[in-house]
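What follows is a set of notes on a single structure, which appears directly below.
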2 protein chains.
Amino acid sequence: MAVSEEPAAVGKYDTGDGEAMCPYRLVLEHVTSRWGVLVLIELLDRPYRFSELRRAIGRVSEKMLTQTLQTLERDGLVHRDAKPVIPPRVDYSLTDLGREAAEQVRGLAEWTQKRMGAVQEAREGYDARKAGAEQG
Amino acid sequence: MAVSEEPAAVGKYDTGDGEAMCPYRLVLEHVTSRWGVLVLIELLDRPYRFSELRRAIGRVSEKMLTQTLQTLERDGLVHRDAKPVIPPRVDYSLTDLGREAAEQVRGLAEWTQKRMGAVQEAREGYDARKAGAEQG
DNA sequence: CAGTATCCAACCCGATACTG
DNA sequence: CAGTATCGGGTTGGATACTG
């Protein structure tokens, strides 16, 4: 049976309460999701096989990678190409839509790398002020 | 006491295991976090007061908004200006660093809004194919 | 108004075992 | 290799009560 116990995945708690989350936020949460971000960035370079992607990202369980890829595939961002061979071979790549998204995400990632130092400095300053405030 | 039971917040599970997550991913997760994204986008327009921000975002609890703002403040992205008046008034705004980050995030958000239709179509196609495959 | 502290449910996510 | 099913720990996040 294909009925998974878990919901659509990656896109988290749709709310629980009566009202549903607007589609806009849902899509935004998929592309900004923990693993979604990293998958999109990796696939921007080239297509990847499943385990290849897993190694490239590092520290992601099979389950979460599968969920993430399925969500992104469903959203039309990732293309899944399963070749009928033994052993199985599945290639994942970006669709045109996915490439657009991935480029936005990459912008964010590159900014992060560039400015990480500034962030860490800010953090140290914040912590120092906090520590000082607790005593004096 | 200022010792919160909960950790640094927003930036989630640092791993649990021995090895720590690299700072790069940590920062990336802060700016792509569920509420971090929305806060940054709102603050790009103008400064907001706490409850103003809460209403503008909608469906965010005080707790999560507080946590998110504190994390972003610690990372040097958000400036907190608490005025010593009764009743209290606290304004939140972006720092220069935060504005840079927020502009990246806005790019992503604008892409999402623009292409949401395409995503929804893709989703319907995916679901239709799935439903068909289960029977045939 | 702007938080802080605590309780508790829901859920994410990883580890493991198993299928094709 | 690629993926599914299940279990369990830890985190998220809302509701409530309280402070200044």
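Chain naming here is simple, since letters A, B, ... match the order of the sequence lines and numbering starts at 1 in each.
- Shortest non-hydrogen contact noted between A:Tyr24 and B:Gln113 is CE1-CG, 3.3 Å.
- The listed nucleotides are C:dT4, D:dA2, C:dG14; the one nearest the side chain of A:Val90 is D:dA2.
- Ion pairing between a basic and an acidic side chain is recognised when a charged N comes within 4.0 Å of a carboxylate O; A:Glu124 and B:Arg74 show no such pairing.
- Look at CD on B:Gln67: it is 15 Å from C1' on D:dA15, rounded to the nearest Å.
- Between B:Gln70 and C:dT4 there is a side-chain N or O to OP1 or OP2 distance below 4.0 Å.
- Ion pair B:Asp127/B:Arg129 not flagged as a salt bridge, since none of the NZ, NE, NH1 or NH2 atoms sits closer than 4.0 Å to an Asp/Glu carboxylate oxygen.
- Pairing each heavy atom of B:Gly76 with each of A:Ala122, the nearest pair is CA-CB, 3.6 Å.
- Atom CG of A:Leu65 is separated from atom P of C:dC12 by 17 Å (rounded to the nearest Å).
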Please report, to 0.1 Å, the donor-acceptor pairs under 3.5 Å made by any side chain of residues 100-110 of chain A, with sequence neighbours excluded.
unit_1	atom_1	unit_2	atom_2	d
A:Glu100	OE1	B:Trp111	NE1	2.8
A:Glu100	OE1	B:Arg115	NE	2.8
A:Glu100	OE1	B:Arg115	NH2	3.4
A:Glu100	OE2	B:Arg115	NH2	2.7

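- For A:Ser61 and A:Pro87, each mapped to the nucleotide of DNA chain C holding its nearest heavy atom, the one lying further toward the 5' end belongs to A:Ser61.
- When the P atom of D:dA17 is taken as reference, atom CD of B:Glu62 falls 13 Å away, rounded to whole Å.
- When the side-chain nitrogen and oxygen atoms of A:Tyr92 are compared with OP1 and OP2 of D:dC1, none of them lie within a distance under 4.0 Å.
- In this structure, A:Ile86 atom CD1 and D:dC1 atom P are separated by 13 Å, rounded to whole Å.
- Put simply, CZ on A:Arg80 is 8 Å from C1' on D:dG3, counting in whole angstrom units.
- Between the side chains of B:Glu42 and B:Tyr48, at least one donor N or O sits under 3.5 Å from an acceptor N or O.
- Of the candidates D:dG3, D:dG13, D:dT6, D:dG13 carries the atom nearest the B:Lys63 side chain, counting heavy atoms from C-beta on.
- Residues A:Thr66 and A:Arg54 have side chains not in contact (no heavy-atom distance under 4.5 Å, counting atoms from C-beta outward).
- Distance alone, capped at 3.5 Å, is enough to place a donor-acceptor pair between the B:Glu52 side chain and the B:Arg49 backbone.
- Residue B:Trp35 places none of its side-chain N or O atoms closer than 4.0 Å to OP1 or OP2 of D:dG14.
- When side chains are defined from C-beta on, B:Thr68 does not count as touching B:Leu38, because their heavy atoms never get closer than 4.5 Å.
- A sub-4.0 Å separation between OP1 or OP2 of D:dG13 and a side-chain N or O of B:Arg59 is absent.
- For the pair A:Met64 CE and C:dC11 P, the computed distance is 14 Å after rounding to whole Å.
- Taking every side-chain heavy atom of A:Arg34 into account, C:dG14 is the closest of C:dG3, D:dG3, C:dG14.
- Closest-nucleotide positions on DNA chain C for B:Arg55 and A:Val60 were compared, and the one nearer the 5' end corresponds to B:Arg55.
- For DNA chain D, the residues of residues 45-54 of chain A within the heavy-atom distance limit of 4.0 Å (strictly under) are A:Arg49, A:Phe50, A:Ser51, sorted by number.
- Which of D:dG3, C:dG20, C:dG3 sits closest to the side chain of A:Pro88 comes down to C:dG20.
- A salt bridge links B:Asp81 and B:Lys83; the closest N-O separation between the charged side-chain nitrogens and carboxylate oxygens is under 4.0 Å.
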With both pairing distances under 3.5 angstrom for Watson-Crick or G-U wobble, and | for a partner in another strand, the correct string for DNA chain D is ||||||||||||||||||||
